[in-house]
Each structure stands twice: as structure tokens, then as C-alpha cells.
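Worksheet: the structure to be examined is printed underneath.
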Amino acid sequence: MKKCCLLLIILCGMFSCQTDDLNTKDESQNPETPGEGEPDTSASVKGFYLLNEGNMSMNKASLDFMDYETGEYNRNVFSEANPNLVGGLGDVGNDLGIYGSKLYVVVNASNKVEVLQAETGERLKQIDIDNPRYLTFYKGKAYLSTYLGAIGDPSAPNGIVAEIDTTSLEITRRVEVGRQPEELLAYNDKIYVANSGGYSPPDYETTISVIDINNFTETKQIEVAKNLHRLNIDSEGDLYVTSRGDYYEIPSKLFVIDTEKEKVKKSFDIGVSDFTIHKDIAYMYSTEFSYISGDYTITYSMLDTQTETFLDKTFIAENYRKLIEMPYGIAVHPETDDVFITDAKDYVTPGNLYCFTPQGELKWSVETGDIPAHIAFKY
Amino acid sequence: MRKYLKYITILSFSGLLLCSTLLVGQERDTISPIELQEVLLSHHKNDYESHNSPSPVQAISGEKLEKLNTLNVADALRYFSGIQLKDYGGVGGIKTVNVRSMGSQHTGIFYDGIQLGNAQNGQVDLGKFSLENMEKVSLYQGQRTAMLQSAKSYASANTIYLKTKTPEFSVAKNYKISAGIRTSSFGLFNPSLSINYKINDAISARVSTEMVKADGKYKFQYSNGVYDTTATRNNADIISYRLEASVHGKHKNRDTWKVKYYHYDSERGLPGAIVANRFNRPQRLWDRGDFIQADYKHEFGDKYTIKIRGKYGENFSRYLDPEIVTTKGLLDNKYDQQEYYLSLVHSYKIKPYWTLSFATDFQHNAMQANLYRFAYPKRNSLLNVLASNLDFDWFNLQVSLLSTGIYESVKYYEAADDFQEYSPSLLFNVQPFASPNFRIRGFYKNIFRMPTFNDLYYTFVGNTFLAPEYSDQINLGFSWQKDQGNTFFNITSDIYKIWITDKIVAVPGTNLFRWTMLNLGEVETNGVETNITNSGKIGTSFNYTAILTYTFQESLDVTPRGNSYGQQIPYIPKHSGSLSLMTNYKNLNLNYSFIYTGERYSQKTNIPSNYLQPWYTHDISTNYSLRFLKNPLKVGVELNNVLDQQYAVIKNFPMPGRSFRVNLNYEF
């Protein structure tokens, strides 16, 4: 028995070694074949980045890149380009955007914004900032919303908008807005930011903060509805903002705001999870959960932003809709009008990206990282 | 059976058994002849139970508990087969068990025969229960088959029994005091004191108290193969106090009774996940529990016995998150729970070999919290069980039927529907040959776990339409033992199959902030567990015990239309095991243990980015007993994770590397 034990110990020592760390280099996927049909040298969109959020605490945010020049879709391009950065891209990717030659990635639970070279994905700088959410660009600056201005101060529940100089990559100015601000955009030397107040249910925020860029102060709050989230602008200067309600009695809605009068001009009794405006059409999807059936109702709709009326057509043909388990992000190709929908599935497995033609037919699909969510086109 | 043995043999030869643990338990004591005898007795009792029980039993008791490198109950359970410990690392890290991949809510944890409940989340932090006051830790698959058990004992898929120390005295003394102190890496300061007092021949009392204080800091390595950095685990401090007091009575007129008070209070930091750019977190947790429990047994002649048990318990916890600032200040959640429990068991011996038992339990749980839209739920549970135990020398059959009624009410919003279910079980143990050294055992059990208050009522997440999560288990195994005077050899092995249906899982609602609970998952587990024990004596003063355990588990997600159909569920290794070796020469003990957990995945999909490395730790310890002022003084030194392996049980929660512990104990 003793010899037997000894033998086992030796064997254990031999066999139980850890494998070398697996380098998670993925195979490229080839959704598009370049050169088919007319050569696309005139196209100015060279590709797009897709940000996968990853589940909180898993540190699994990742960046994918679709290269139209080669037709290849590559995953984990951040780790590929920056293998030696401690912890990688980080925990919960929340937004991304390209401005000039730089790609900005907002990593919420890692308290940072990564600034990368859009061409190579290599890091230029990490900007440390607590609890960042969304960003937008305007006249050489990036504007970033963050849930709180100061962490740990019980008397400071408000969020801020921070201004980042896109040349020096330093935070130049900050302004306090409402509680837990979400999406924001800049128009006519003003920043509009949707406040949510999500940390204090049922005391949600109901306003959009208006910031004057010149003196960087909050000049007004436009009263809209509870728990605002998504924010886009159409070609006529009308803001479209979604309100999430209180998840119980107050339903989610969509509002249109006139930026001249800074007042709500129209509202729709429809829940919108996310949307994007392209060529005067708002492409929207909505996921509503029913406690009675224990199932989701997913709808895809289109709205004409000039007439402000819903079209009685949609952008995904009926037979493809069941492919998508949990739509989580939407984008429209600026040139080809192809519609991209990301599918987060059950949020804990790798998702999918679907590309639909303007006619609503499935063009291709690829597997992404966990919780694919945000897309930025590269020119 | 032969086929099964062959399977095991093949497994072991193909190198799969390797990563097992050999745990060597030394049962003999050299200090006093009286103690020695007691220890031997309890040893044989353990062996008898594990050999003859219809349900697989594993136990560690008495001296062995002291000698293993263990601080709390969770540490001790690592040496059992079929168990995965969920350990977030460090002295204050929360530790729960997952037995046979069923999920921690399927395990019932009993403290001196009465269940430790947590109606809020169904989980008991085993890191909280110190071994300082523990006599025995046992794990029963299926259920314990003793008669006179409460109905609750039948209501879990498997059970862990924690038996605390009872007052004991040396001859001609009516008191015994034991004082100890422990210190270690992580800035641990852990003094303890227990006092036993004999009031008269029938009644005795015991008080046991301790404090645990640690800064919880340790260095860990953070690496992906390219980058490699070392950091310190922060906000992992803990301070806790425990006080237990009990009075035990045993009267000549066949009455035995016990009353126990338990108090625990703690404050700790929650170090959180290690993610890029974020190695420090400010969240804090306070946890306070008090309960008083009592039991009373009376024998009416030789045939009829009753046992009454009762308990009242309170639990308070507070979670403070300075990273979330609300209109009312920092996020500061407070939770209160109360539990009332009463149980009455009748046991009647119809024939010398046939006993019937009827148990009725009533339990009331209530919970309050300062959460938005909190329902203030209350739950009344009524459990009745009828069990029959047919017990011959060569054959033991136990059949039971449990009836569970659950009645819920809430102050606000909607309550879950009332619920009634019948749950059968059948267990047997048979000696197929003339020799009593070989016995076969098996069981079938169908049981469920109720949705917890969090599952049902937690703001935004809870779903009152939830059904219970069901489990079906089939187990078949054997135990073979051989006592050759100077050496004792025992091998037990079980194969099992478990189906979990209507598994309660969190699924996303309309966005990441709104997850909801649904009965969605299905899991099918095939497993093999093997324990091999060898103990013996060489010469007059050298003793040894060696224990090897090995577990194979294939736990597949078989949720219809699921995204991970046919893949191994998260955090369940296919192979795991342990090896312990305990040796004793005169007053000196030397112990070694090795624990191995194979590769696992941190999420549902078995892909490289979810892969977790196998881990294995080597621990050594030595104890020396000497006489100081005629009383025993014990000194112990432990070195844990000797090879300083960097590992994580839970992804992004690094575990400590090499650490030491020193303890000193004096009895008088």
C-alpha cells in the first residue's frame, strides 16, 4: 500500500501539470468574398469594429474587426494587437467610437477608456475614469458620460460629462449633469445627455441635460419621462430618446424632441430597446419580457423621421426573425444600407452578428464574443 | 459489479485516477490511555457506518479534524469525494459546497441535528463554521438513514451533518478548559476558549468562543502567459466573533436533552473580481446570526421513542456599496430573517428488525429588507415523513415517503402559489456473500429544492411563477474492508446518475440590469466516486493512515434547444481527488495532503476563453504534544500550498499562494 501511494504521488506529479496558458487565437471567419461582383475600391467604409461587452466580473470584453478589404471577420483583435497589457481589454465594454484615426473603447467596470489606433488596434493611451458609459465626438473633442462624478461620496449622486481632447487625450473639462447619464450627442454647440437615475429606483431621472459647450455648464434640463437611455438625432435636428419607465407600472416609450424649442413634440407608446437613424429612417428593435408567458416578444420596426410615422414594413424578413434569440445591438452600413443585428443569446455564451440586405434577406452571419453590442465603422 | 470494477481498473491504469488525493488519517492518540480508547471507538463507529450505511457516507471526526490543515468546515469538506467547494479565496472569502454537481441549494446542512437554513438564498457559508468546536463532519449522499430524524432530514438531495463537541471530562474532575491561539499569514489572529463544566452526573454544560481577525492580504500572480504581474489582494479583511453555549442532560429514566445557543457576528471586506485596471474594491458585508435550539428524547420502554426538536433563529446582513450613490446616500442594503422550527418524531419498533418512524416538522420563515418594492415574504412549511427501516445483519432496506406543503404570503405584491408534493426514496445495503467484508448499497431518491426568497421576490429579478427544481438520483456502490489486526483496509466506490430538471437559472430580461429567474435548465450527471483507506501500525509506536479519493463527473447541460447542449456545466471538473497521509510516532504527528481539481470552464460554453486550469495544492503539517504542568500542550505548524501554486477556484478570484499557520492549544 505504501509503495502504491508513493507511485501515485509520482504519477500525480507527472500528470497533473497545468497546460501552458492557452493562447486563444481564433480562426478567421470569412463572411464576405472580396472581388465578387464589381471591385469595391470606391467604397470608403473599410470595415467595422464590434465591441463585445462580456459579463460583469468575467473580464471578457473583446473587440472584433470585420475587414471589407479581405472579407475576413477576426475576433479578439485587441488582445492580438496588445498581448502584453495586463488584464486585456477588461470588464464590460460599454461603447466605442472612431474619430479621425483613433478608436475609443469605453470599458465600464474597468473604469477606463482605451484609445487605440483605428488602423492597427494598438493602444495609444488608457484614460482612467470611474464608471464610464457612452461617448460622442464634436469639433475635435470626445464627450463621455459617467454614472457618478465622485465614487464613495454619499452626497454626490450625480453623474458627469467629461471632455477629452482628441489630440492630447487628456480630460480637459467636466460638468455635472443628472444622475446616471446614459447616451449623449452634440449638436449646434450643445451636448444633450439622457439622464436615467438608475441607482435610485423608483426615484428615476426624467430629463435630458443640455450643456453649453462654450462655457461647459448645464444650461437646461428638458423634461421628458422616467429613466431615459438611448439618444439619436435626425437630419432635421430632432432628438429621439427612449425612456425605460420603471419596469413595472410605467411602460417604456419613445419621445421626439425639438432642439430649437427644447421641448417634447411627439411621443410613441412603444418600447424601444435600441435604434439607429440612417437616411431618415430609424431602425428599431424592442424586446419585452412577459412574466406571464415567461417569454420575450421581439419586434423590429422602422420609422420615417421626416414624417415621424411608423412604416408598415420591417428590415428583417419574417423567416429570419426566429434566428435571433436576443437582439442587443443595431447598426446600418453607411453606404450599402446593410443592417447589422447582434444577438447576445443567453448573455453567457458567444453571440452572433447577422448582416441583412436592405431587402431584409440574410446576407451572412458570424460568431462573435460574449454579448456583442456596439459597432463602429472604419473609413 | 465486476464490469464496474473493471471500469475502475481501466480508469486507474489509463492515468485518470492519478489526480486523486490520499488523505492519511491518524486516529491514535498517545497522550492518555483513556483518550486513546475513545478515539479508537469513534474510529470503528465511523468505519461501521460507512460500511453498513445504505447511503454513501464520508466523515472526518475528532483528532483527524485537528490534524488536517483545516480552519473551518469548508476546509474539511475538501477531503471528501464528490464535492466541489466554491471558494472565493482568503480567510473571509465565502465558501459553499456543490455536491455531485447538483448545486449548493440541494445540500441540507444540519447543525447538531437541526437544519441551518437560509430562506433568502438557500446558501450556507461554510467558511463561517469553525472547526474549533466541531466533533464530526459527515456527508451523506441521498439521506441519512437513522431513525428518529426530523422530516427535514429527508428533504434534501444530500446532507452535511455538523456535530459539535459535547462536554467531556477526565476522571475525578468536574471541569475541563481548553485555550488555543492560532496565527498565520494573512495577519490572522484567532484566539479560542472552551469551558466544560459538570453540574451533576446527569447534566453538564459547555461554552465555546473564538475570535477571528485577519487583514486577509496576500500576493497573487496575474498572468495570461504574455503579461505577468504580481498584486496584493485588498479589502479582504475580516473580523468575527463566535459564542456557543450548551447544556446537556442525560437521565437514567431514558431522557436525553440538549439546549444550545449560538451567536456569530462579523464584518468583512468583499475583495471582488480581479479585472483589468481594477484591483481594489470598497464593498463591505456585515453578517450576524443568533439561534437557540433544543432537543429532547424520551424512550417509552424498548419499543417506542419520541424526539422533539425546536429552534428560533435570526439573521441579519448588511451590504454597503460605496460605488453606488443613490439619492439617499451610498447603497446600503439590510436584510433580516427569522425562522421558527418545531419537529416531533415517533419511532416504533414493530419487530426487533423492523422500525417505523413518523416525523412532522413545521417551519416558519420571514424576511425583511430595505429594498425598493420588497415583498416582505413569509413561508410556512409543513413536512411529514413516514419511514420504514428493515434491518437484518445481511440486509437493510429503508423506504420513506415525504410530504411537503409550502404556504407563502407577502405583505406587498404577489405571493407564489401554495405547493404540495410527495417525494419517495428507497435505500438498501446488502451483504451478498458469507463474508461481512463486502457489502453492496444503492438508493433511489426524488426530491426538489424550493425557489428561495431571492428567486421569487428579489426586486426586478424575482419571479413568483417559479416551480421547484427537481432532482432524481440513482446510486449503486460497494464497500469492501479488511481488518488484519495491524492494518485496516477499506475501499468504497459508487456510480451514480443524477437528473436535474426545471433548474432555476437567471436569464436576461430586457437588458443586463434586469435578469429574471426561470425554470429553464436541465442537467444530467454521470459520476464515479472512490475512496480508499489504509491505516495500520508498524512496530509499537508508529501509526499511519492513508486516504485516497477520486471523483469522476460528467455533468452535461441537456437543456432542450439550449446554446450549450451536451457541454460540461460550469465549474465542474471531470476529474478531481485528494490524497492524505497521516503518520504518528509517539507524540509527533506528520501529515501531508494533496488536493487536485481538474480543468473546468467558467461559463456554459466549453471554449478556450472560458477555460480554467487544473489546480492542485500540497499541504503539510506537524503537531507535537507535550506535558506542561502535567497538562497536555499541543503545538502545530502548517504549511499550505507548499509549491506556491497560483490558482483560482472561481474565475478572477485568485487564491492564496504558500502560507503558514501556527497553533498552540492548552488543556487543563
Side-chain angles (χ1 to χ4, degrees), chain A residues 1 5 8-9 11-12 15-16 18-24 53 55 57-60 83-91 107 109-112 126 128 131 148 151-157 179 198-203 247-248 273 287-289 291 294 326 344-350 369, chain B residues 15 18-20 22 222-227 229 272-278 282 322-331 372-373 459-460 463 465 489 507-514 516 518 534 546 548 563-564 579 581 594 596 602-605 607-609 611 613-616 651-652:
Chain A
M1 183 58 204
C5 292
L8 271 166
I9 292 168
L11 284 171
C12 287
F15 281 83
S16 55
Q18 297 187 331
T19 48
D20 287 334
D21 271 315
L22 305 172
N23 210 334
T24 54
E53 294 190 353
N55 245 305
S57 294
M58 297 307 289
N59 199 38
K60 272 190 85 178
N84 54 351
L85 291 186
V86 173
L89 189 55
D91 201 24
V107 192
S110 279
N111 292 342
K112 66 174 181 180
Q126 168 184 311
D128 288 333
N131 213 335
L148 290 174
I151 297 285
D153 179 353
S155 58
R179 287 176 286 120
Y199 280 167
S200 312
D203 188 13
Y247 308 112
Y248 288 99
S273 302
T287 53
E288 295 277 353
F289 179 77
Y291 280 99
M326 177 61 64
K345 295 182 175 179
D346 59 3
Y347 291 58
V348 287
T349 47
Chain B
L18 314 168
C19 312
S20 320
L22 205 119
Y222 191 57
S223 166
N224 72 342
V226 182
Y227 63 79
T229 183
I274 292 292
V275 300
N277 204 34
R278 195 126 175 248
E323 290 184 322
I324 294 184
V325 184
T326 74
T327 45
K328 298 184 181 89
L330 305 183
L331 179 84
Y372 162 58
R373 277 187 91 97
T459 314
F460 298 133
N463 174 6
F465 293 96
F489 193 73
V507 294
T510 48
N511 63 58
L512 267 184
F513 296 101
R514 281 205 70 197
T516 191
L518 287 182
N534 173 226
L548 175 71
N563 290 311
S564 311
L579 168 87
L581 195 68
F594 171 75
Y596 175 85
S602 60
Q603 285 183 298
K604 280 164 65 175
T605 318
I607 52 172
S609 59
Y611 179 84
Q613 294 279 4
W615 61 265
Y616 40 97
K651 188 170 184 172
N652 299 328

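Labels below follow one simple rule: chain letters A, B, ... track the order of the sequence lines, proteins then strands, and each chain is numbered from 1.
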If you round to the nearest 0.5 Å, how far is CG of A:N59 from CG of B:N652? 5.5 Å
Ranked by heavy-atom pairs below 4.5 Å to chain B, first place among A:V86, A:V348, A:D91 goes to A:V86
How about B:E323 and A:N131: do any of their side-chain heavy atoms sit closer than 4.5 Å? no
Pick from A:G152, A:A344, A:P157, A:P201 with the largest number of heavy-atom pairs that fall under 4.5 Å of chain B: A:P201
Do the non-hydrogen side-chain atoms of A:Y248 and B:T459 ever get within less than 4.5 Å of each other? yes
Does the side chain of A:Q126 come within less than 4.5 Å of B:N277's, by heavy atoms? yes
So do the side chains of A:Y199 and B:L331 get within less than 4.5 Å of each other, counting heavy atoms only? no
Please state whether the side chain, the backbone, both or neither of B:S602 comes within less than 4.5 Å of a heavy atom of chain A. both
For a quick test of reading the model, state the closest non-hydrogen atom pair linking A:G88 to B:A276 and the distance between them. O-CB, 3.7 Å
What option among A:N84, A:D203, A:I151, A:D128 has the most heavy-atom pairs under 4.5 Å with chain B? A:N84
NZ on A:K345 to NZ on B:K604, rounded to 0.5 Å: 10.5 Å
Check: A:S200 main-chain N/O paired with B:Y372 side-chain donor or acceptor under 3.5 Å: no
Sort out for me which of B:V325, B:T229, B:I274 touches chain A most, counting heavy-atom pairs under 4.5 Å. B:V325
Spacing of B:T326 atom OG1 and A:L148 atom CG [to the nearest 0.5 Å]: 10.0 Å
Between A:G90, A:G369, A:A109, the one whose heavy-atom pairs under 4.5 Å with chain B are most numerous: A:A109
Examine whether an atom of A:A156 lies under 4.5 Å from a heavy atom of chain B, and if so say whether it belongs to the side chain, the backbone or both; otherwise answer neither. backbone
